[in-house]
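Excluded from the calculations below are hydrogen atoms, water molecules and symmetry mates; all remaining heavy atoms, backbone and side chain alike, are included.
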Amino acid sequence: MAITNRMPNGQVLRNLLFGLAVERSTAALPQTTQSALFNVVGGRIAVLGIVGEVTTVIQTQANNTKIVANPTTGTDADLCAVLDITADEVGTLYSISGLASDAMRGTTAGSVAGQDRPAIVAAGTIDLSCAASNTGSVKWAIFYVPLDDGAYVTAA
């Protein structure tokens, strides 16, 4: 039998390393508000990664932006501190570290650091919060592991 570095199904390895994936189609930024990116249904999840990619250039004006956990019951909790996304070009990537006090990560270099630690999120939504009304679009993906039986994520 020949030894190879190819896996017959890369999805199996991705699921082991990154958890389940849900992608959300590109959408315009929320306008001076927060809006749901993902629905967390049926219980708690561990977010192992969340990645955004700019698909339409972001307008050149200050826009402090962050990711927020919005539980069905209880108070919103920031998943990161704000990042000013003014004038971010197509291809800019966003992520979080997993520590709420760290700013959302963003780079125009075609690469962004992934999440350092899981973030535990209750049932509800995971939202994008924008401080201004900017034009531009971002597509998002989340990688997660259900912590409660029956918990899952859908695109909002």
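- Linking ILVMFWY side-chain heavy atoms closer than 4.5 Å, directly or via other members, places Ile142 and Leu17 in two distinct hydrophobic clusters.
- The main-chain N or O of Asp127 is never found under 3.5 Å from a side-chain atom of Thr125 such that the two would form a donor-acceptor pair.
- When the shell of 6.0 Å around CD of Glu23 is examined, it contains 12 or fewer heavy atoms from other residues, nucleotides or ligands.
- Exactly one of Val82, Ile85, Asp78 qualifies for a side-chain contact (heavy atoms from CB on, under 4.5 Å) with Met104. That residue is Ile85.
- Residues Asp84 and Asn63 approach most closely at OD1-N, 2.9 Å, considering heavy atoms.
- One hydrophobic cluster, built from ILVMFWY side chains closer than 4.5 Å, holds both Val22 and Ile126.
- For Thr72, the side-chain hydrogen bond (donor to acceptor under 3.5 Å, both in side chains) criterion is met by no residue, not counting sequence neighbours.
- Counting all heavy atoms, side chain and backbone alike, Ile120 lies closest to Ala46 at CD1-CB, 3.8 Å.
- Remark: the backbone N or O of Val41 is not paired with any side-chain donor or acceptor of Asn39 at under 3.5 angstrom.
- The distance from the OH atom of Tyr152 to the CG atom of Leu20 is 13.0 Å, given to the nearest 0.5 Å.
- Separating the CD atom in Gln115 from the CG atom in Leu99 is a distance of 10.5 Å, to the nearest 0.5 Å.
- Linking Ile, Leu, Val, Met, Phe, Trp and Tyr residues whenever their side-chain heavy atoms come within less than 4.5 Å places Leu83 and Val47 in a single cluster.
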What's the verdict on side-chain contact (heavy atoms from CB on, under 4.5 Å) for Asp102 and Cys80, showing C-alpha distance, side-chain angles and the deciding distance?
CA-CA 5 Å; Asp102 289 349; Cys80 62; 5.9 Å; no
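- Between Leu79 and Ala119, the shortest heavy-atom contact is CD2-CB, 4.2 Å.
- In this structure, the separation between CD on Gln34 and CG on Leu128 is 9.0 Å, given to the nearest 0.5 Å.
- The nearest pair of heavy atoms linking Ala81 to Ser101 is CB-O, 3.8 Å.
- Panel note: side chain Arg24, backbone Leu37; a donor-acceptor pair is recorded below 3.5 Å.
- Here the CD1-OG1 distance, from Ile58 to Thr92, works out to 8.0 Å after rounding to the nearest 0.5 Å.
- Between the side chain of Glu89 and the main chain of Val57, no donor-acceptor pair closer than 3.5 Å is present.
- The structure places OG of Ser95 at 11.0 Å from CZ of Phe143, a figure rounded to the nearest 0.5 Å.
- Residues Thr32 and Ser133 bring a donor and an acceptor atom of their side chains to less than 3.5 Å of each other.
- Cluster membership check: Val40 does not share its hydrophobic cluster with Leu48, using side-chain heavy-atom separations under 4.5 Å among Ile, Leu, Val, Met, Phe, Trp and Tyr.
- The backbone N or O of Ala131 lies less than 3.5 Å from no partner atom in the side chain of Asn64, so there is not a single donor-acceptor pair.
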Problem - Audit row: Val138, Glu53, side-chain contact (heavy atoms from CB on, under 4.5 Å) steps and yes/no - result: CA-CA 5 Å; Val138 180; Glu53 180 181 350; 5.5 Å; no
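- When all heavy atoms are compared, the tightest approach of Ala156 to Ala36 is CB-O, 3.4 Å.
- Judged by distance alone, the side chain of Gln59 and the main-chain N or O of Gln61 form no donor-acceptor pair under 3.5 Å.
- Evaluation of the salt bridge (Lys or Arg N to Asp or Glu O under 4.0 Å) rule for Arg105 yields Asp116 as partners, not counting sequence neighbours.
- With contacts defined as side-chain heavy-atom distances shorter than 4.5 Å, the pair Tyr144/Ile50 does not qualify.
- Atom OG of Ser129 is separated from atom CG of Leu29 by 11.0 Å, given to the nearest 0.5 angstrom.
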- Item | Full working for side-chain contact (heavy atoms from CB on, under 4.5 Å) between Phe38 and Trp140 | CA-CA 9 Å; Phe38 299 101; Trp140 293 92; 3.9 Å; yes
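- In this structure, the salt bridge (Lys or Arg N to Asp or Glu O under 4.0 Å) partners of Arg44, at least two apart in sequence or on a different chain, are Asp148.
- Taking hydrophobic clusters as Ile, Leu, Val, Met, Phe, Trp and Tyr residues chained together by side-chain heavy-atom distances below 4.5 Å, Val121 does not share a cluster with Val51.
- Shown here for Ala62 and Ala132, the closest heavy-atom pair between the two residues is O-CB, 3.3 Å.
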